[in-house]
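These numbers come from the heavy atoms of this one structure, side chains and all, not from hydrogens, waters or symmetry mates. Chain letters run A, B, ... following the sequence lines, proteins first and then strands; every chain starts at 1.
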Amino acid sequence: MKMLLRLIRTELRVAFGISVIKYRFTKERKKLWEPILTLLGALIGIGSMMILFSIFAISSFYIFKKSGQPVETLLAVSFLASQFFLLFFGIFHILSAFYFSKDMDFLISLPVKPYQVMGSKFVTIIVNEYIMSIPMVLPSVVVYGIGMGEGIMYWLKALISILLVPVIPLAISSLIVIVLMRFVNIKKSKDLIVVVASFLSMAIGIGVNFYVQKMMNGGMEDYYDMGQIQDWVIKNVGSKFPPSIWVTYGLSKPGMEGWGYFLLFVLISVLLFTFLLWVGNRVFYKGILSGNERSGKKRLASFETASDKYIKVSSPLTALFWKEWKLLLRTPVFMINGLSGMIIMPVMTLISILGQSQESIGNFIKVAREPRNDIYVSLVGFGLMVLAASLNMVSSTAVSREGYTFWISKMIPVSPRKQIISKLLHGMAISTMGILVIGAFVVGLIGVSVLKLLVLIFLSSLASMTIAILDLIIDIFRPKLDWTNPHEAVKTNLNGLFGIIVSMGYMFFMTVFASAMVLFRMPQTVIFLGIFIFEVVVLLPCIIVLFKVAENRYKNIEI
Amino acid sequence: MLIIKDVSKSYNKGAVKAVDGLNLHVRNGEIFGFLGPNGAGKTTTIKMIVGLLNQDSGSITIKGFDNRKQSLEAKKRIGYVPDNPDIYDKLTGLEYLNFMADVYEVPLKERRERIDYYLDIFDLKKAATDIIKSYSHGMKQKIVLTGALVHDPELWILDEPLVGLDPKSAHILKDLMRKHCDKGNSVFFSTHVLEVAERLCDRIGIINRGKLIAIGMVDELKKGENAETLENIFLELTEK
């Protein structure tokens, strides 16, 4: 047990950079702003999620009260949502922490038991997942507790429940993963596994979205229906995953019944965790070691044939640009983060359209095609294009993704300006894919003219360039280079979040500007020209700042 | 070839002096061995030469080019191999080498010849089309070495280049170093293997706690008391 606690402490220190913060605080105060800024960013991100879920909780509470529905539905929905979220998306963290982190080779060699290593990693994942689960659950628990005037015991049980929420779903995901990995040669199929798991999760997310859309359109006209839907969710989905119901009843049922459900929830959490450690002790290392065996992979080609194919002359800029592509496409975590925005956004748009009834789709197209609505449709199409272009973390992690290989960028005789241009072009190439996909939608649905489509593509490309530049400035300013697992370079890199915040700010001001022009009933050509001028006015200083920052940072980032 | 003038570097706001007023001159045609105990400042010095770290004061010039003010010109003349071969592990060996040749703007004929030559002598041809992630430490070391030499730089800066190499590859590298210097070029390398330094280097420098405590030819250094071997000199100087 002592060893397990020691390992947990070390893992947490590594995962959250506690030692680095301590070091900065005591010895390198000059750079203390970095962790402070990171913390601030995290607080903004978590805070905005909390606000969103609080609004949901408060409104749902009053809706249930008003319609005479059982108010505990609110608790059930929150617990169910967060546990489902953890069950599916936790698989990524488990896969990467258990099997793909570089410290595993070192940990295996230590005189510690497999369950201790796995247990420490598991607890670290749980703490990590609190970032998502607490904002989802806490507002409902607080709103319910205050609204119902609950006593001290409720709050005590609530605290324990919130802390235990991730245990059952993550333990189930872990069990699936470690048993599966026992029989799969992970090193050989590693990339495939990550890609399949990612797209599966995406498909589940999209599926749930589609289902909810369909259900909402099935007659959710008033509060009563919403209550019914949630009641339906609990009875049908909750019955297949009872821990959410146990914890809900544990908190809401009075007296012994409530305590019974609560203790059942706690007991099952503890038992499942213990069972996971027991299974892990038997199969965890076997899964990792089987993946370390060298596979007799066929070589791609003979040297002579390959050298003719690969040894070619390109300019440094071209070489850097293609290197960015190769590394992105060959690292599954990078690829998924880079390209999924382009898939999710159009698919979500399509789903929200298909989720409507035939009649309303027909009406929508009819209204959209009316000449007087032309400008609104164009601007919405333009907005969607810019949004699709901004939905990736390619530019906001462009430097971070280099990690320990950043020494090469510092070493090569290519100016920082040229290096950053290669990253900008790469980011824009991906954004352009998003723009074109949405463009195809706009043409397919509304049937805008080719000329207008070209204008929209041009304008959104300019906007996406500014967004990519802003993202690059953020990342070059504080790149996360000390990662051991590609997951850390994108998923736990707050530059992605900062990038989204800045992009949203840019889009907000552009929307205000465009809306003002529409309100003043300016002709369409003038509106497009106005947007173009707005974009250029923002873009030019951004380019200058990017080059300045790149020159400065490439020189001064020390590795 | 390489002139280091009054170079200092400290960490933690000056609390730790990693390199303290270092002065060095590596001449054309010489192999210069840089020795010192762990944490003495060898890697910090090397990283400052190649531009990975910025010196707090002093200057470093490579073939007359200041490595801060004319950094691109200076970099073109260096081939650097770090102590840890962290490179793009999702590229194949050949893709990495062609990338390095592109960024150093090596013409097609020369790059073909050099890549073919180095891969052949390091016995890497068979693995050249595999991704680098599948390489052993030694293979990575050799591919980094090849990448660093593909533009035929005048000055080789090698940080512990022999670590992880098999005896045959280590022998080949030592041979290459000698031949390179015989053509009037220079090699600046750090090592812990004193025998190698003794046999291979034209001159050596010993650094301890950031300060250069000895510099000269091995024979010159041996003239001191109890200095029959380089090991004795090293121990005597660094344990003071």
Side-chain angles (χ1 to χ4, degrees), chain A residues 23 26-30 187 190-191 294-295 297-320 322-323 326-332 334 402-416 418-419 422 486 554-559, chain B residues 9 11-13 15-16 47-48 50-54 68 71-80 82 84 86-108 111-112 115-116 119-120 124-131 133-134 144 147-148 151 157:
Chain A
Y23 180 78
T26 52
K27 294 190 171 169
E28 219 178 6
R29 284 184 167 235
K30 213 169 84 184
K187 287 273 157 74
K190 179 178 159 182
D191 291 355
R294 280 182 82 91
S295 60
K297 202 183 100 186
K298 270 195 215 161
R299 296 238 143 84
L300 292 172
S302 73
F303 176 76
E304 281 67 29
T305 337
S307 77
D308 285 342
K309 190 179 165 195
Y310 292 113
I311 303 180
K312 282 178 185 157
V313 177
S314 309
S315 70
L317 184 67
T318 316
L320 287 162
W322 287 115
K323 184 251 318 177
K326 284 174 190 162
L327 296 181
L328 184 97
L329 294 177
R330 293 178 191 176
T331 314
F334 296 165
E402 293 197 29
Y404 288 117
T405 64
F406 188 66
W407 70 269
I408 301 174
S409 301
K410 283 201 62 139
M411 251 312 293
I412 55 177
V414 181
S415 67
K418 214 175 256 181
Q419 295 199 39
S422 75
Y554 268 76
K555 262 187 192 155
N556 292 318
I557 293 171
E558 296 194 329
I559 46 168
Chain B
K9 172 79 183 171
Y11 297 113
N12 301 336
K13 282 186 176 175
V16 180
K47 284 187 171 181
M48 284 192 289
V50 300
L52 297 183
L53 292 176
N54 299 326
R68 299 277 293 155
S71 60
L72 295 187
E73 286 305 317
K75 283 173 184 175
K76 280 180 190 167
R77 284 151 182 87
I78 300 174
Y80 166 60
N84 208 353
D86 282 319
I87 47 172
Y88 309 124
D89 60 5
K90 295 279 178 176
L91 297 187
T92 66
L94 215 45
E95 283 174 337
Y96 172 72
L97 296 178
N98 196 55
F99 167 77
M100 292 305 276
D102 277 338
V103 293
Y104 281 98
E105 299 180 84
V106 182
L108 184 64
R111 80 170 68 180
R112 272 189 196 281
I115 290 175
D116 190 74
L119 290 184
D120 192 40
L124 275 180
K125 272 193 171 174
K126 276 184 192 162
T129 51
D130 290 348
I131 60 162
K133 199 179 172 67
S134 66
V144 175
H151 61 291
I157 308 277

Part of Lys418(A) lying under 4.5 Å from any heavy atom of chain B: neither

Heavy-atom contact with chain B under 4.5 Å, split by part of Leu320(A): both

With a 4.5 Å cut-off on heavy-atom pairs, point out which of [options] contacts chain B the most.
options	result
Tyr404(A), Phe406(A), Trp407(A)	Trp407(A)
Ser315(A), Gly403(A), Pro413(A), Ala319(A)	Pro413(A)
Thr318(A), Leu317(A), Ile412(A)	Ile412(A)

[options]: which one forms the most heavy-atom pairs within less than 4.5 Å of chain A?
options	answer
Pro107(B), Ala101(B), Pro82(B), Gly51(B)	Pro82(B)
Ile78(B), Asn84(B), Ile87(B)	Ile87(B)
Val50(B), Leu52(B), Leu72(B)	Leu52(B)
Glu73(B), Met100(B), Glu95(B)	Glu95(B)
Val106(B), Leu53(B), Leu119(B)	Leu53(B)

How about [X] and [Y]: do any of their side-chain heavy atoms sit closer than 4.5 Å?
X	Y	result
Arg330(A)	Leu91(B)	yes
Val414(A)	Pro316(A)	yes
Leu327(A)	Glu402(A)	no
Phe99(B)	Trp322(A)	no

Checking heavy atoms, do the side chain of [X], its backbone, both or neither come under 4.5 Å from chain A?
X	value
Leu97(B)	neither
Val144(B)	side chain
Lys47(B)	side chain

Check against salt bridge (Lys or Arg N to Asp or Glu O under 4.0 Å), Asp116(B) and Arg111(B): CA-CA 8 Å; Asp116(B) 190 74; Arg111(B) 80 170 68 180; over 6 Å; no

Between the main-chain N or O of [Y] and the side-chain N or O of [X], is there a donor-acceptor pair closer than 3.5 Å?
X	Y	result
Asn54(B)	Lys555(A)	yes
Lys410(A)	Tyr554(A)	yes
Asp86(B)	Thr405(A)	no

Nearest-0.5 Å distance that lies between atom OG in Ser71(B) and atom CE in Met411(A): 11.0 Å

